Peer 1: 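Before I ask anything, here is the structure I am working with.
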There are 2 protein chains.
Amino acid sequence: MSGTSRSLSTKGHNPMTEATQTKADGGASGHEGVARGSGVTLWRQIAQRLEEEIHSGVLKPGARLPVEAELSETFGVNRHTLRRALAHLAEQGLIEATAGRGTFVKEPPLRYPIGARTRFSEIVSAGGREPFGRFLGSKVEDACPDVARELAVPEGTPVLRIESIHEADGVPISFGTAWFPHARLRDLDLVYAATGSLTRALATLGIEDYRRRETRITARPANGREIELLSLAPGRAVLVLERLDVEPNGVPLQWGRSSFAADRVQLVFKA
Amino acid sequence: MSGTSRSLSTKGHNPMTEATQTKADGGASGHEGVARGSGVTLWRQIAQRLEEEIHSGVLKPGARLPVEAELSETFGVNRHTLRRALAHLAEQGLIEATAGRGTFVKEPPLRYPIGARTRFSEIVSAGGREPFGRFLGSKVEDACPDVARELAVPEGTPVLRIESIHEADGVPISFGTAWFPHARLRDLDLVYAATGSLTRALATLGIEDYRRRETRITARPANGREIELLSLAPGRAVLVLERLDVEPNGVPLQWGRSSFAADRVQLVFKA
DNA sequence: CTAAATTTGTTCGTATGTATC
DNA sequence: TGATACATACGAACAAATTTA
């Protein structure tokens, strides 16, 4: 049976409101397909209908939905009922509504698998998009305490710092800084700037293989630099990803910190 | 040598400003330890000094730093110079400043390793903290399309939905919803509510082992519910973690979506 | 609830040393 | 050498957020 609710100990309001089902009943309807008294709530039927249209491609990413008043009319329900359906879709990340602008189908996030062999270019290519690494700048500096610790070199050792933006089909996905042992990778930055691919730049310098040792993830609101470089709206979140890559023999190759436009990627870890 | 800069193609401003060093020169100083003309910029010296005090425990998590005016005076520098040092520490996540309130040493985030055997209680215990799962509510409902797909059951199959908050030492860490096949796990919610541990509740029902199959991660600004349940400041980010756990034989056991207070955890993936 | 005080955040201006062309 | 750009550092004032009286 559906609808058995057991709610305990929630001082204040019940957190289960989102999923409550009602056996609403109208009269003889058949307005625009929503079946009253079918055992399935109206808002669920509407949400499912819209979800199908999005997944089937009738409603394409970026498309604007009709205004709520119009939608509620075509479905033959109250605007509140329609809004509940939209709220459900918004929670799932399928649509996004902005007051005064309208409701839009969101671009599907780039599935970004993280694993021992994570390579940006391969991930993006696998998604049928065109990867590009835009070189921003580089410099040789003395390893500060945390970089020295991660790269397992003495503090003050010269390290090569590279900043870059990663794009997929011209849309900025992430931006970040990576540090490399300078002794091992002299002029990596020049090669990277020329090729736009770290994997290829490393290969040019004789490093054919490396693997991810650790990935650490946090998130926070985007700062000014991220807003600018990733074309984000103020207040949006970024995923901050710290990573350590090592050569096959275990020697640290690069440590870096990147900011990902959180609503354009979904990091995926398979166990 | 330190300071070799190779900056290209950055229309506008230079992204490498943070790391440039200058050989500034003052006079015969010795004010409060900052050495003018030592080859290291004043703000770097200050940043490093404060970082040491934080790491050594002189400045404990949650401690409030002296106000900028006072700090700049004790270091014998202009307030701008001090602020540059603070900005560096804030970027590293060591401190956090709020207008009107002050500057505080941040609590180190809970390292939250994600792997095939991720168990909330074990993670928190390993960090020397006391884990607690607070049961919020549950209900039996018909599987909606996405839950059905993830749990590999037909749409409409009864599933048990459980909402809960996870705390470490009483501080809310995450809050989320998980769906379980109801047929297999009748009354799981009651046992969970009683024990406060999902692992133990599952064991009680005869499920001794399970493993993580996939973890998907995005992030976004916290919504009203998250702000309330996780005691977040508006505008803060949450990490949204979708996970699928399966039994040893590969049968889906639970699928869920949780929101983590992004500034209280750091998800760690080891390859 | 309002007003004042406190504290961080932002912007303008000035000057100086260093690196680059 | 000179011109230019850039990073550092100091000074003053004001804006915005928060706490306190």
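Below, chain A is the first sequence line, B the second, and so on; all start at residue 1. Computed from a prediction, not measured in an experiment: that's the story for all the values here. Atom set for the values below is all heavy atoms of this structure, side chains included, hydrogens, waters and symmetry mates excluded.
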Peer 1: In plain terms, say whether A:E163 and A:R161 are close enough for a salt bridge, that is, a side-chain N and a carboxylate O under 4.0 Å apart.
Peer 2: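 Salt bridge flag = yes for A:R161 with A:E163.
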Peer 1: Using only atom types and a distance under 3.5 Å, with no angle test, would you say the side chain of A:D169 pairs donor to acceptor with the backbone of A:V171?
Peer 2: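 No.
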Peer 1: For residues 98-111 of chain B, dump all side-chain donor-acceptor pairs below 3.5 Å to protein atoms at least two apart in sequence or in another chain.
Peer 2:
none

Peer 1: Can a side chain N or O of B:N78 be found less than 4.0 Å away from OP1 or OP2 on D:dA9?
Peer 2: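 Checking D:dA9 against B:N78, no side-chain N or O comes under 4.0 Å of OP1 or OP2.
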Peer 1: Distance check: side-chain N/O of B:T81 vs OP1/OP2 of D:dT8, anything under 4.0 Å?
Peer 2: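 It does not, given that no N or O in the side chain of B:T81 lies less than 4.0 Å from OP1 or OP2 of D:dT8.
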Peer 1: Show each protein N/O and nucleotides 11-16 of chain C N/O combination with a separation under 3.5 Å, one pair to a line.
Peer 2:
residue: C:dT11; atom: O4; partner: B:H80; partner atom: NE2; Å: 3.3

Peer 1: Quick one: are A:D209 and A:E247 in side-chain contact, heavy atoms under 4.5 Å?
Peer 2: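 Contact flag for A:D209/A:E247 side chains = no.
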Peer 1: Nearest-Å distance, NZ (A:K139) to C1' (C:dT20)?
Peer 2: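 Checked: the NZ to C1' distance equals 14 Å.
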Peer 1: Identify, with sequence neighbours excluded, every residue that meets side chain to side chain contact (heavy atoms under 4.5 Å, CB included) alongside A:T157.
Peer 2: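 A:T157 satisfies side chain to side chain contact (heavy atoms under 4.5 Å, CB included) with A:V153, A:P154 once adjacent residues are dropped.
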Peer 1: Would you list the protein and nucleotides 3-8 of chain C atom pairs, both N or O, that sit under 3.5 Å from each other?
Peer 2:
residue: C:dT7; atom: O2; partner: B:G100; partner atom: N; Å: 3.2
residue: C:dT8; atom: OP1; partner: B:T103; partner atom: OG1; Å: 3.4
residue: C:dT8; atom: OP2; partner: B:E68; partner atom: N; Å: 3.0

Peer 1: Would you mind listing every side-chain hydrogen bond (donor to acceptor under 3.5 Å, both in side chains) that reaches into residues 252-262 of chain A, with sequence neighbours excluded?
Peer 2: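 Qualifying pairs: A:E226-A:S259, A:E242-A:R257, A:R243-A:S258, A:D245-A:Q254.
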Peer 1: Can you tell me the distance, in whole Å, between the CG atom of B:L71 and the P atom of D:dC10?
Peer 2: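 B:L71 atom CG is separated from D:dC10 atom P by 14 Å.
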Peer 1: Is any NZ, NE, NH1 or NH2 atom of the basic residue among A:E150 and A:R216 found under 4.0 Å from an Asp or Glu carboxylate oxygen of the other?
Peer 2: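 So A:E150 pairs with A:R216 through a salt bridge.
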Peer 1: Counting N and O atoms only, with roles assigned by atom type, does the side chain of B:T81 sit under 3.5 Å from a partner on the main chain of B:V77, one being a donor and the other an acceptor?
Peer 2: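 Pair absent, no side-chain N/O of B:T81 close to backbone of B:V77.
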Peer 1: Roughly how many Å is it from CZ in B:R84 to P in D:dA7, rounded to a whole number?
Peer 2: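 After rounding, the reported distance stands at 8 Å.
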Peer 1: Rounded to whole angstroms, how far apart are CG on B:L86 and C1' on C:dG9?
Peer 2: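 Nearest whole value for this atom pair: 12 Å.
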Peer 1: Please give, in whole Å, the distance from C:dG17 C1' to B:L42 CG?
Peer 2: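 Going from CG in B:L42 over to C1' in C:dG17 covers 13 Å.
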Peer 1: With a cut-off of 3.5 Å and sequence neighbours excluded, list every side-chain donor-acceptor pair involving residues 260-271 of chain B.
Peer 2:
residue: B:D263; atom: OD2; partner: B:R236; partner atom: NH1; Å: 3.4
residue: B:R264; atom: NE; partner: B:P172; partner atom: O; Å: 3.0
residue: B:R264; atom: NH2; partner: B:P172; partner atom: O; Å: 3.2
residue: B:R264; atom: NH2; partner: B:L230; partner atom: O; Å: 2.2
residue: B:K270; atom: NZ; partner: A:E214; partner atom: OE1; Å: 3.0

Peer 1: Calculate the interatomic distance between B:F104 atom CZ and D:dT19 atom C1'; express it in whole Å.
Peer 2: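 To the nearest whole Å, that distance equals 11 Å.
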